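Each remark here refers to the structure printed beneath this line.
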2 protein chains.
Amino acid sequence: MAGKDHPELKLRLTLRGGEWLGPGKADLLEGIAETGSISAAGKRMKMSYKRAWGLVEVLNGMFREPLVASSRGGAGHGGAELTETGHAVLRLYRRMQANAVSATEAEIAQLMQLTDIPDRK
Amino acid sequence: MAGKDHPELKLRLTLRGGEWLGPGKADLLEGIAETGSISAAGKRMKMSYKRAWGLVEVLNGMFREPLVASSRGGAGHGGAELTETGHAVLRLYRRMQANAVSATEAEIAQLMQLTDIPDRK
DNA sequence: CCCCGTTATCTCCGTCGGGATATAACGGAA
DNA sequence: TTCCGTTATATCCCGACGGAGATAACGGGG
């Protein structure tokens, strides 16, 4: 279920050439915060651990401080969690997305009217 | 020329699953409007004609009316131009982008401060 | 001392997007 | 009738992306 929820606006913020923050990395951060594990977060998004781990590595290198702190072994058999910076980045991205959506509602509505998609409201 | 201009915010508006409007198609539309040719517009963006033509085909199928009108042969040896709908879509996309940028300036500035990128201002 | 689940790495491999290239069609001009 | 530049379409091919799977390391618990 979870309806198709169209139209949908996605944002990609390019920090430097080749380094950017988009919906995928943001969702992964959120998944890590909720599951406490890189592999679990990746699995939830149907992506391989290799890919999830690679994204985390990139994320940690994009900012001054790492966004994800991970540990191996121990009582909890290892895991991962967001750092303070990680939470801050995720929060800022979500707010950025929300602001962008509300600031473009009018244009989106007009664009949708030019499509042949029936306006179910 | 053209400075790096970072950070940069890009928008992708998904109309239906698999059909979306983003920076690439928008720039292509703009290029066609300015050059009067699909191949010239594609070349300007360093993309093959095949790809440019494919994007135009998709664009024309996304809305009720085609966005690009093309012709072969004749006095001008063929060419392409934006339809009224094409101009409208491009204009709406540009306005959407501008609104989104100004609505997220604060978050973008805060995110940049978390990077190790020197703030040249 | 072995067990466990996760992190961390590596290698192999299928898929897919898109470039490169070739060819035909078009239709007015010369 | 030939020439021209563009649209339109097909085929071949390569590199990158990412999945699948194997392996090791970790470190507290039983």
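Bear in mind that the values here come from a model prediction, so they are computed numbers and not experimental data. Note on naming: letters A, B, ... go to the chains in the order of the sequence lines (proteins, then strands), and numbering restarts at 1 for each one.
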For this session: Could you tell me whether the side chains of A:S37 and A:S39 share a donor-acceptor contact shorter than 3.5 Å?
Result: yes
Exercise. Between A:L55 (CG) and C:dT7 (C1'), how many Å, whole number?
Worked result: 16 Å
Seminar exercise, completed: By nearest-nucleotide position on DNA chain C, the 5'-leaning member of A:G76 and A:E57 is A:G76
Seminar exercise, completed: Winner on side-chain proximity to A:K50, out of C:dC12, C:dC26, C:dC4, is C:dC12
Problem set entry | Qualifying residues under salt bridge (Lys or Arg N to Asp or Glu O under 4.0 Å), relative to A:R51, sequence neighbours excluded | none
Problem set entry | Non-neighbouring partners of A:T85 that pass side-chain hydrogen bond (donor to acceptor under 3.5 Å, both in side chains), sequence neighbours left out | A:E65
For this session: Please check if B:L13 and B:W20 belong to a single hydrophobic cluster, counting links between Ile, Leu, Val, Met, Phe, Trp and Tyr side chain heavy atoms closer than 4.5 Å.
Result: no
Exercise. Touch check for B:G79, heavy atoms < 4.0 angstrom, all strands: base, sugar-phosphate only, or nothing?
Worked result: sugar-phosphate
Exercise. Is there a side-chain contact between B:L11 and A:K10 (heavy atoms, below 4.5 Å)?
Worked result: no
Seminar exercise, completed: Contact span of DNA chain D against chain B, any nucleotide atom under 4.0 Å from a heavy atom, 5' to 3', runs D:dC4 to D:dT11
For this session: Quick one: list whatever passes side chain to side chain contact (heavy atoms under 4.5 Å, CB included) with B:V58, sequence neighbours left out.
Result: B:K25, B:M62
For this session: Using side-chain hydrogen bond (donor to acceptor under 3.5 Å, both in side chains) as the criterion, list what pairs up with B:E34, not counting sequence neighbours.
Result: B:R44
Exercise. Going by number, which of residues 35-44 of chain A have a non-hydrogen atom under 4.0 Å from DNA chain C?
Worked result: A:S37, A:I38, A:S39
